[in-house]
Amino acid sequence: MEASNTPELHAPALSVIHLSVHYETERGKVIAVEDVSFEVNQGEKLILLGPSGCGKSTLLKTIAGFVPPTTGQMLVNGQPVVGPGPDRVVVFQEFDQLLPWKTVLGNVEYPLRVTGKVPKSEVRARAMEFIRLVRLEKFHDAYPHTLSGGMKQRTAIARSLALEPVILLMDEPFGSLDAQTRNRLQYELNELWTRTGITIVFVTHSIEEAVTLGQRIVVMTPHPGRVKKVLTNEAALAPELAAKRLLELREEIWSLLQGDDAENGVSLNLPPSGTSMVE
């Protein structure tokens, strides 16, 4: 019997089920991700957090359909993922993801024209709608080389949102930005999520970014990447708990990551309460 294209009633936006990713190198087989399972609810912001090299970006690219899993499977709206698709759009860390010969408007319009997502007569209006959403309407005719790093990332986010994917996948999109711009874009991303309700899976190795953005946080182990613990950020759901719970959550994440380093022979001291624990 053929699979239905209709999303299953109340199915999670994304289910990752016993997923492993192995690949061969000149030195032999590398296990990047091993036996990872988690779900992402409709309209949720979920963070994949772990140290550099733990396989979180590989995991995101597998969810996007760019890297085939070795074992396990993924479901989007209850349907198996067999490759890349318009239901999953990725915003990368690199600034050169924009087409340099096209303006901000042209970059946002381009995937709409290629995919035929909307009628040709409506492409410009749709593109401008999302350019306004990221507050770049005054720069719609600017070319990428004239934009700041933050403006380029906002253009990439507008381009992704315009396609109205089921899931927005973000691979450390603010990692190369200065601290001030990074903080501003984190705030703007939260505002965009509030206005659109889109499901987001966001990769980071920053504890501070994870607790700022995530409703739930999947803490991953060092290589090979496994799920160590899934934490709920109650402060994102109940603002009155913010100060106390955010401090507790930071310390819990730090303790989890410190435990991984201790297992690998590295000793770390837990910062005093109230100390910033970015990265």
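- Cluster membership check: Val166 does not share its hydrophobic cluster with Leu163, using side-chain heavy-atom separations under 4.5 Å among Ile, Leu, Val, Met, Phe, Trp and Tyr.
- Between Ile207 and the options Ile217, Ile47, Leu257, Thr212, a side chain to side chain contact (heavy atoms under 4.5 Å, CB included) holds for only Leu257.
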List the atom pairs, with distances to 0.1 Å, where a side-chain N or O of residues 128-140 and a protein N or O form a donor-acceptor pair under 3.5 Å, not counting sequence neighbours.
residue: His140; atom: ND1; partner: Glu137; partner atom: O; Å: 2.9

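- Applying the salt bridge (Lys or Arg N to Asp or Glu O under 4.0 Å) test to residues at least two apart or on different chains, the pairs with a partner in residues 108-125 are Glu109-Arg113, Glu109-Arg124.
- Each of Leu59 and Tyr23 belongs to its own hydrophobic cluster when Ile, Leu, Val, Met, Phe, Trp and Tyr are linked at side-chain heavy-atom distances under 4.5 angstrom.
- A single hydrophobic cluster is not seen to contain both Leu75 and Val201; linkage of ILVMFWY side chains at heavy-atom distances under 4.5 Å, directly or through other members, places them apart.
- A side-chain donor-acceptor contact under 3.5 Å links Thr199 to the backbone of Gly43.
- Taking the side chain to side chain contact (heavy atoms under 4.5 Å, CB included) definition, one finds that His22 meets it with Ser20, Lys29, Ile31, Thr70, sequence neighbours left out.
- Ile167 and Ala13 make their closest contact through CD1-O, 3.7 Å (heavy atoms, listed as atom of the first residue, atom of the second, distance).
- In this structure, CZ in Arg154 is found 9.5 Å from OG1 in Thr181, a value given to the nearest 0.5 Å.
- Around the CZ atom of Phe66, the shell of radius 6.0 Å holds more than 12 heavy atoms that belong to other residues, nucleotides or ligands.
- Transitive grouping of hydrophobic side chains (ILVMFWY, heavy atoms separated by less than 4.5 Å) brings Val211 and Trp254 into a common cluster.
- Taking the six-membered ring where tryptophan is involved, the planes of Phe202 and Phe174 are tilted, since the angle between them lies from 30° to 60°.
- Residues Val230 and Leu60 share a hydrophobic cluster, clusters being chains of Ile/Leu/Val/Met/Phe/Trp/Tyr side chains in contact below 4.5 Å.
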